[in-house]
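Taking it in order: structure first as structure tokens, then the write-up.
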Amino acid sequence: MFSGSKLQQTWDIPYTNGDAKTPQQWAEWQVLSPALQCIDEGGTSDEERQWPSLWILSVVPHQTQLWQGYPRGTLLQLTDIPLPGMYTSLGCDRALALWAAGEIYGWPMLVIDGGTALTLTGANASGHLVGGAILPGIALQLRSLTQATPLPDLQPTDPMPPRWAKNTADAMRSGVLYTIWAGLSDFIQSWCQDFSHSHIVLTGGDHQQIFQGLQALCNSTASSATAVLQIPGQGYEPCQNQLVCDETLLFQGIQRLRAKRLESQ
Ligand SMILES: Nc1ncnc2c1ncn2[C@@H]1O[C@H](COP(=O)(O)OP(=O)(O)O)[C@@H](O)[C@H]1O
Ligand SMILES: CC(C)(COP(=O)(O)O)[C@@H](O)C(=O)NCCC(=O)O
């Protein structure tokens, strides 16, 4: 939720299966979004009410369809994002996070988004998309074990399991987390070889867990991963100097696109 251009608050909404019907009234929209529950825009009827404007960015088709029915909604699409070199099926969340990160922190830029899917998306010094990678996110990897084997459903817990675990839950977490951290270290090393002055921004629901893991790899002097996270050609800078966590990237991106759109009207 923004007040003017200032981001006030963000919420996560529960995952839905696409069964929700497009609401007809304000009270029904409020049920769908905690952001709208906080707002009383005056007026007693839907006709008198000043509906807050809503800027929509979605990669989930049934959510896009649902929120397009909101009376003061503006749908943002891939073509609205001024990131050169995009391919047509690129996720608009990846494009916007990368563009926003580059605009805020500078180019070259690599964004690692730890969400349902874990994505890496990079652009060069001219802000031109270089490319990226997509893999299942942390929760999705753990869930796939539960769904495809007799392994248990895990409860949220300490993010740093022992690597050599002696119980099933920690063994599952260890396998998923240490493999993700090692894989990301490898991607980061490769990126830094090509773009040695690049910033790297972590975002998405799992950004803290990813950050902690990468930091632990860096700090562990016994780990061969220490070297891979250092910046080639720049001596032995610790990797965390280059890593920034920013959980509001997408919202800042939406705000910037909105400002551009309003300027051009
Ligand atoms: N209440 C929650 N519901 C779902 N995921 C959560 C929750 N709290 C933390 N997470 C973590 O956030 C990740 C999802 O990140 P998020 O950025 O919300 O995903 P996306 O926007 O890609 O759906 C999951 O991998 C999970 O580990
Ligand atoms: C990979 C994604 C599903 C990520 O989604 P998320 O984890 O944010 O839910 C999304 O960026 C997407 O639909 N991408 C399209 C394919 C591509 O980017 O190449």
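As the structure lists them, so they are numbered: ligands from 1, and atoms in each ligand from 1. The analysis underlying the following values was restricted to heavy atoms, covering all of them including side chains, and did not include hydrogens, waters or symmetry mates.
If you check each of Asp113, Thr116, Asp93 against atom 5 (O) of ligand 2, the one with the closest non-hydrogen atom is Asp93.
Less than 4.0 angstrom separates some heavy atom of Ala139 from each of these atoms of ligand 1: 24 (C), 25 (O), 26 (C), 27 (O). Close contacts of ligand 1 with Gly115, meaning ligand atoms under 4.0 Å from a residue heavy atom, involve 14 (C), 15 (O), 16 (P), 17 (O), 19 (O), 22 (O), 25 (O). Numbered from 1 in the order shown, with element, the atoms of ligand 1 that lie under 4.0 Å from a heavy atom of Gly204 read 17 (O).
Counted by atom type alone, Ser174 and Trp164 present zero donor-acceptor pairs between their side chains at under 3.5 Å.
Per-atom contact check: atom 24 (C) of ligand 1 touches the protein, criterion being a heavy-atom distance below 4.0 Å. Distance screen at 4.0 Å: atom 3 (C) of ligand 2 has no protein heavy-atom neighbour inside the cut-off. For atom 16 (P) of ligand 1, a protein heavy-atom neighbour is found at a distance under 4.0 Å. For atom 27 (O) of ligand 1, the protein comes within 4.0 Å by at least one heavy atom. Counting only heavy atoms, the protein never gets under 4.0 Å from atom 9 (C) of ligand 1. The presence of a protein heavy atom under 4.0 Å from atom 1 (N) of ligand 1 is ruled out.
Note: no N/O pair closer than 3.5 Å links Asp113 and ligand 1 by distance alone. Below 3.5 Å of separation, one finds an N or O of Tyr87 facing an N or O of ligand 2. Checked by distance only, ligand 1 and Asp206 come closer than 3.5 Å through their nitrogen or oxygen atoms. Looking at Gly205 next to ligand 1, an N or O pair under 3.5 Å apart turns up.
Distance from atom 7 (O) of ligand 2 to its nearest protein heavy atom, with residue and atom name: Ala117 N, 2.8 Å. For atom 16 (C) of ligand 2, the nearest non-hydrogen atom of the protein is Ser89 O, 3.3 Å. The closest protein non-hydrogen atom to atom 5 (N) of ligand 1 is Tyr15 OH, 4.3 Å. Here the protein heavy atom with the shortest distance to atom 22 (O) of ligand 1 is Thr116 N, 2.9 Å. Val59 CB, 4.0 Å is the protein heavy atom nearest to atom 13 (O) of ligand 2. Among protein heavy atoms, the minimum distance from atom 12 (C) of ligand 2 is reached at Gly91 CA, 3.9 Å.
Using a 4.5 Å heavy-atom cutoff, the side chains of Trp107 and Ser126 are not in contact.
Asp80 and Lys260 are not joined by a salt bridge, as no carboxylate oxygen comes within less than 4.0 angstrom of a charged side-chain nitrogen.
The 12-atom threshold is exceeded at CD of Gln37, counting heavy atoms of other residues, nucleotides or ligands nearer than 6.0 Å. The number of heavy atoms from other shown groups lying within 6.0 Å of OH (Tyr105) is above 12. Within a 6.0 Å sphere centred on CD of Glu247, heavy atoms belonging to other residues, nucleotides or ligands number 12 at most.
The aromatic rings of Tyr70 and Trp29 sit perpendicular, their planes meeting at an angle over 60°, well past the 30° parallel limit.
The CG atom of Leu214 sits 6.5 Å away from atom CG of Leu202, with the distance rounded to the nearest 0.5 Å. Taking CZ of Arg163 as the start and CG of Leu177 as the end, the distance is 11.0 Å to the nearest 0.5 Å. Between atom CG of residue Asp93 and atom CG of residue Leu96 there is a gap of 8.5 Å, rounded to the nearest 0.5 Å.
The backbone N or O of Leu145 sits nowhere less than 3.5 Å from a side-chain atom of Gln147 that would complete a donor-acceptor pair. A donor-acceptor pair under 3.5 Å is absent between the side-chain atoms of Gln8 and the main chain of Met1, judged by distance alone.
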